[in-house]
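This structure is a prediction, so every number in the text was calculated from the model and none was measured.
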Amino acid sequence: MGKSELLTEELIGQLESLFSKLNQEVKLVAVLAEGENKSEELGRFLDDIVETSTFLKLKKYKKEDDIEYKEKLDLNHLPSVHLFAKDDSYTGISFHGIPGGKELNSFAAAIMNCGGAGQAPDKFLKRSIDSITGQREIKIFVSLACHHCPHVVAACQKLAYLNQNVQAHVYDANLYPDLIEKYKIERVPMMVVNDTHIYYGKKSIEEVANLLNMIKN
């Protein structure tokens with residue numbers, strides 16, 4: 001361990017304790033740009049992450065490789081890591097950049113959900129989540145130093161895990177100037193749903209579910 005400068009011995013110990021609750025396999029599929037610093041950094045980070053539990057598996061690819069569910073992945077914004085469930089199905093959860101800093105908690109939460117150890121929603125929230133019937137692709141733009149961003153990320157990614165109509169893709173906005181320009185990103189967290197509906201600020205999972213339900217299919 002200790003390959004990544006982003007993960008201290010203390011953090012690794014905390015992740016080992018947390019991921020001891022996993023009860024089903026989670027596969028992390030990383031798409032990396034060869035020779036690019038951020039890609040190499042993400043690779044080291046994920047190497048350390050998967051050593052914390054036997055339920056975590058890692059596959060690394062280059063953009064041109066034959067990647068599972070390639071047609072569903074954004075390969076124009078690397079590096080990225082995508083979460084796959086125990087049956088090798090794509091969960092619709094991805095992170096573009098390195099989920100360190102404030103985003104480590106939300107990344108760990110996504111792994112817990114996909115690994116069968118996340119907290120189940122109460123019946124009222126479950127009803128709201130189940131009622132999302134149209135396709136909802138959420139892009140969440142964050143900064144790794146943002147205090148509010150992880151709450152939005154965790155909410156969106158839990159919704160993606162619980163409802164196959166929802167996808168939640170997180171972007172470290174600082175890494176992708178083209179996305180800053182395209183979506184006119186001035187502050188984070190910023191959610192873009194189906195490329196047309198824009199929402200700012202901290203949101204709970206209940207609030208995000210309500211917003212998704214308000215969008216007409």
Would a distance-only check, ignoring hydrogens and angles, find a side-chain to backbone donor-acceptor pair under 3.5 Å from [X] to [Y]?
X      : Y      : answer
Ser17  : Gln14  : no
Asn194 : Thr196 : no
Lys102 : Pro99  : no
Asp172 : Gly97  : no
Asn163 : Ile132 : yes

Can you measure from [atom1] ([X]) to [atom2] ([Y]) and round to the nearest 0.5 angstrom?
X      : Y      : atom1 : atom2 : value
Leu7   : Thr52  : CG    : OG1   : 9.0 Å
Leu32  : Leu46  : CG    : CG    : 7.5 Å
Phe55  : Glu25  : CZ    : CD    : 9.0 Å
Leu28  : His82  : CG    : NE2   : 11.0 Å
Ser143 : Glu103 : OG    : CD    : 8.5 Å
Asn174 : Leu144 : CG    : CG    : 7.5 Å

Would you say that more than 12 heavy atoms from the other residues, nucleotides or ligands in this model lie under 6.0 Å from the NE2 of His77, or not? yes
Take a 6.0 Å sphere around CD of Gln164 and say whether it holds more than 12 heavy atoms from other residues, nucleotides or ligands. no
Quick one, Gln167 with Ile138, criterion side chain to side chain contact (heavy atoms under 4.5 Å, CB included). Give me CA distance, side-chain angles, the key distance, then yes/no. CA-CA 6 Å; Gln167 297 183 40; Ile138 313 172; over 6 Å; no
When you group the ILVMFWY residues by side-chain heavy-atom contacts below 4.5 Å and let the links chain together, are [Y] and [X] in the same group?
X      : Y      : result
Val153 : Val188 : no
Leu211 : Leu125 : yes
Val26  : Phe19  : yes
Leu83  : Val142 : yes
Leu179 : Tyr199 : no

Compare every heavy atom of [Y] with every heavy atom of [X], then report the nearest pair and how far apart it is.
X      : Y      : value
Asn213 : Ser128 : ND2-O, 2.9 Å
Asn165 : Gly134 : CB-O, 3.5 Å
His169 : Gly92  : CE1-O, 3.5 Å
Ala85  : Thr91  : N-CG2, 3.8 Å
Gly116 : Asn23  : O-ND2, 3.1 Å
Gln157 : Ala110 : OE1-CB, 3.4 Å

I'd like to know if Lys184 and Glu186 make a salt bridge, using a cut-off of under 4.0 Å between side-chain N and carboxylate O. no
Note: Glu41-Arg44 ion pair, threshold 4.0 Å (strictly below): no
Relative to the ring of His96, is the ring of Tyr176 parallel (under 30°), tilted (30 to 60°) or perpendicular (over 60°)? perpendicular
Under the side-chain contact (heavy atoms from CB on, under 4.5 Å) test against Leu6, which residue among Leu42, Ile98, Leu104 passes? Ile98
Find out whether [X] and [Y] are in side-chain contact, i.e. whether some heavy atom of one side chain is under 4.5 Å from a heavy atom of the other.
X      : Y      : result
Ile111 : Ile49  : yes
Val81  : Phe45  : no
Glu137 : Asp195 : no
Lys158 : Val208 : no

With sequence neighbours excluded, what pairs up with Lys126 under the side-chain contact (heavy atoms from CB on, under 4.5 Å) test? Pro121, Asp130
Residues sharing Leu73's hydrophobic cluster, by side-chain heavy-atom contacts under 4.5 Å among ILVMFWY, directly or via others? Val29, Val31, Tyr61, Ile67, Tyr69, Leu75, Leu78, Phe84, Tyr90
For Tyr183, give me all partners under ring-ring contact (aromatic ring centres under 6.0 Å, His included), at least two apart in sequence or on another chain. Phe141
Which residues pass the ring-ring contact (aromatic ring centres under 6.0 Å, His included) test with His151, not counting sequence neighbours? none
Counterpart residues, salt bridge (Lys or Arg N to Asp or Glu O under 4.0 Å), relative to Glu40 (two or more places apart): none
Quick one: salt bridge (Lys or Arg N to Asp or Glu O under 4.0 Å) pairs with a partner in residues 69-97, sequence neighbours left out? Lys27-Asp88
